[in-house]
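First up is the structure itself, then whatever we jot down about it.
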Amino acid sequence: GTYTDLLLEGHFQDPSGNATPQLRYWYVLAQPFTDLAVDPALRWTLRRDTVEEGESLYVELGLRNLLSATTPDRVEVLFLVQKASGEWDTLGWQQYRPLAGLDTMIIRYRFSSLGLGGANRLRIIANPKPLFGERTFVNNRWEAGFYVGTDRINPVVDVLFDGQRIQNGDLVAPQPIITIEVKDENRFLALDDTATVTVRLRKADDRSLGERISYSSGRLRFFSAQLPDNRARVEFRPDRLENGEYILSVEAFDKKRNRSGGQPYEVRFRIINENTLTYLINYPNPFSTATRFYYELTGSVLPEVFQIHIYTITGRLVKVIDLKALGEVRLGRHLTTYAWDGTDEHGDRLANGVYLYRTIVRMPGEASLERREEGLSSYFKGGWGKMVLMR
């Protein structure tokens, strides 16, 4: 054949000077070129060109060797991305098997969209260095656009004391189990780092930020979120707290450093170490179909017996409600889930009228239980209260 780009030049010499050298054969040995070319017609896949930040993107692209020579080495492929800012970043390099002459392969690559919010452009280059010569590199590159929705939504914080939500100023146990839940809407960027949640505790009259609770102290445990339900949990078990009013402060961040709020989440609570019962009242009162019981119990030990005895105005016992047996005894303020329907011990409906009720409380080991006058205690005198049934 004709090789337009081949130039041969020779210099011949006869040392004896007796004859003109004659050229009978001229062998040229050459390593044939390969020529790689991306081939989207063979395969081009970009699964979802619009994704949420943190979601993985997956691409497949066909690659073909146009000539008969095998690549002398493994095929390298470079993956680049042009961000919304216009800046180019390297996503990564990947090696594939040597490609035989006239053979094909499928390039497969997966990468994260973290930090790629907005419109982006993906560039794929085969043999980018290049490791081996090719006739042309024009056909070694492929580009495609994709969009990443930026995560700007704040995580949400919820705080429970011994499994219950409290209101500011509520009484809690002196050594509560405080559960902090952080929920984020992003289904791909898991809350899996202790940097997610910062916890502080201080006395209510303390003007400082308070003590930052360390995860290494043993009082704080972090439980990573399990996707797709992106909900992390922190369990805080403080040492036994002295009497007084405290403020718990919680600050949370997601993986994009979106903050849980403009200010840390704060909840105020009170501690009373002595065993006391402040009040027990029924709500609603008067009632027609059902009423529940609201009480305030302090200290660190639950009573062995906690019953409500209901009497007619003449003093006849008509109903005994065992809150301990019902699993309704808790430290702090509590509104029972149990609701009394105005029936007696036999399930018969009681008549309309005024009824008296009395609390029977006994502590373990004959420990004393004080009556504390505070808040709603004016409706609950000496362990007795009054309710009205109106059907």
Side-chain angles (χ1 to χ4, degrees), residues 158-179 267 269-272 274-313 316-364 367 369-391:
D158 192 16
V159 177
L160 305 175
F161 286 74
D162 293 321
Q164 302 293 313
R165 293 181 180 86
I166 69 168
Q167 296 180 345
N168 272 328
D170 274 359
L171 279 164
V172 302
Q175 205 165 2
I177 299 175
I178 303 173
T179 303
V267 59
F269 62 94
R270 291 187 299 148
I271 297 293
I272 297 177
E274 295 73 27
N275 296 320
T276 68
L277 176 64
T278 307
Y279 55 78
L280 186 146
I281 61 173
N282 67 302
Y283 176 82
N285 188 18
F287 72 99
S288 58
T289 58
T291 187
R292 297 193 288 170
F293 298 92
Y294 185 54
Y295 63 83
E296 186 174 85
L297 188 66
T298 71
S300 57
V301 181
L302 292 176
E304 284 184 344
V305 176
F306 198 134
Q307 295 178 347
I308 303 170
H309 292 195
I310 300 175
Y311 300 85
T312 65
I313 199 70
R316 181 170 63 92
L317 179 65
V318 293
K319 181 72 174 181
V320 175
I321 300 171
D322 192 336
L323 293 184
K324 183 73 173 182
L326 292 169
E328 292 280 12
V329 180
R330 295 174 185 166
L331 296 171
R333 291 175 181 168
H334 179 54
L335 177 63
T336 65
T337 55
Y338 166 81
W340 180 50
D341 59 3
T343 60
D344 64 13
E345 289 289 280
H346 307 288
D348 297 327
R349 291 173 47 153
L350 295 173
N352 289 350
V354 176
Y355 292 85
L356 302 176
Y357 63 90
R358 179 188 179 196
T359 58
I360 306 296
V361 183
R362 186 167 63 247
M363 300 300 293
L369 178 72
E370 300 177 10
R371 304 284 180 175
R372 190 164 52 88
E373 299 296 324
E374 184 179 307
L376 297 173
S377 59
S378 60
Y379 298 93
F380 183 68
K381 292 292 187 180
W384 288 85
K386 182 170 65 175
M387 64 176 71
V388 179
L389 174 59
M390 300 176 59
R391 299 191 190 278

*Do the non-hydrogen side-chain atoms of Lys386 and Tyr355 ever get within less than 4.5 Å of each other?*
no
_Determine whether a donor-acceptor pair (N or O, by modelled atom type, separation under 3.5 Å) exists between the side chain of Arg362 and the backbone of Glu304._
no
*asked:* In this structure, is the centre-to-centre distance between the rings of Phe293 and Tyr283 below 6.0 Å?
replied: no
*side chain to side chain contact (heavy atoms under 4.5 Å, CB included) with Asp322: which residues, sequence neighbours excluded?*
Gln307, Lys324, Ala325
_Test side chain to side chain contact (heavy atoms under 4.5 Å, CB included) on Asp162 and Val172; report intermediate values, then the result._
CA-CA 8 Å; Asp162 293 321; Val172 302; 5.6 Å; no
*Gln164: partners by side-chain hydrogen bond (donor to acceptor under 3.5 Å, both in side chains), with sequence neighbours left out*: Arg330
*Can the ring centroids of Phe269 and Phe161 be said to lie less than 6.0 angstrom from one another?*
yes
*asked:* Using 30° and 60° as the class boundaries, would you call the ring planes of Phe306 and Tyr295 parallel, tilted or perpendicular?
replied: tilted
*Quick one: CD1 on Ile310 to CD1 on Ile321, what's the gap to the nearest 0.5 Å?*
4.0 Å
_To the nearest 0.5 Å, what is the distance between CD1 on Ile272 and OG on Ser300?_
12.5 Å
*asked:* Within the 4.5 Å heavy-atom criterion, are Asp348 and Thr343 side-chain neighbours or not?
replied: no
*Is there a donor-acceptor contact under 3.5 Å linking the side chains of Glu328 and Thr337?*
yes
_Arg316 CZ: over 12 foreign heavy atoms closer than 6.0 Å_ = no
*asked:* Has Asp344 got a side-chain atom pairing as donor or acceptor with Gly347's backbone, closer than 3.5 angstrom?
replied: yes
*Within a strict 4.5 Å, meaning less than it, do heavy atoms of the Ile166 and Val267 side chains meet?*
yes
*With rounding to the nearest 0.5 Å, note down the distance linking CH2 in Trp384 to CG in Leu356.*
6.5 Å
*Can Asp341 and Thr289 be said to form a side chain to side chain contact (heavy atoms under 4.5 Å, CB included), step by step?*
CA-CA 6 Å; Asp341 59 3; Thr289 58; over 6 Å; no
*asked:* What's the separation between atom CG in Asn352 and atom OG in Ser288, rounded to the nearest 0.5 Å?
replied: 9.5 Å
*Identify the two heavy atoms, one from Met390 and one from Pro286, that lie closest to each other, and give their separation to 0.1 Å.*
SD-CB, 3.8 Å
*Between CZ on residue Arg333 and CG on residue Leu171, distance to nearest 0.5 Å*: 6.0 Å
*With distance as the sole test, does Thr298 use its side chain to make a donor-acceptor pair with the main-chain N or O of Glu274 at under 3.5 Å?*
yes
*asked:* Restricting to non-hydrogen atoms, name the atom on Asn275 and the atom on Gly299 that form the minimum distance, rounded to 0.1 Å.
replied: OD1-CA, 3.4 Å
_Main chain of Pro284, side chain of Thr291: is a donor-acceptor contact present, judged purely on distance under 3.5 Å?_
yes
*Contacts of type salt bridge (charged side-chain N to carboxylate O under 4.0 Å, His left out), residue Asp158, not counting sequence neighbours*: Arg165
*Heavy atoms, side chains only, cut-off 4.5 Å: are Val159 and Thr179 in contact?*
no
*Heavy atoms, side chains only, cut-off 4.5 Å: are Val320 and Ile308 in contact?*
no
*Got a sec, which residues hit side chain to side chain contact (heavy atoms under 4.5 Å, CB included) with Leu331, two or more places apart in sequence or on another chain?*
Ala173, Leu297, Leu302
*Could you tell me whether the side chains of Thr278 and Glu296 share a donor-acceptor contact shorter than 3.5 Å?*
yes
_I need the minimum non-hydrogen distance between Val301 and Pro364, along with the two atoms involved._
CG1-CG, 3.6 Å
_Ring centroid separation His309 to Tyr357 under 6.0 Å_ = no
*List for me each residue that meets side chain to side chain contact (heavy atoms under 4.5 Å, CB included) alongside Gln167, sequence neighbours excluded, and say none if there are none.*
Asp170
*Between the main-chain N or O of Val388 and the side-chain N or O of Asn285, is there a donor-acceptor pair closer than 3.5 Å?*
yes
*asked:* Return the CD1 to CG distance between Ile281 and Leu335, rounded to the nearest 0.5 Å.
replied: 9.0 Å
*Minimum side-chain heavy-atom gap Asn282-Tyr294 below 4.5 Å*: no
*List for me each residue that meets side chain to side chain contact (heavy atoms under 4.5 Å, CB included) alongside Ala339, sequence neighbours excluded, and say none if there are none.*
Ala290, Arg292
*Does any non-hydrogen side-chain atom of Val361 lie less than 4.5 Å from one of Val305?*
no
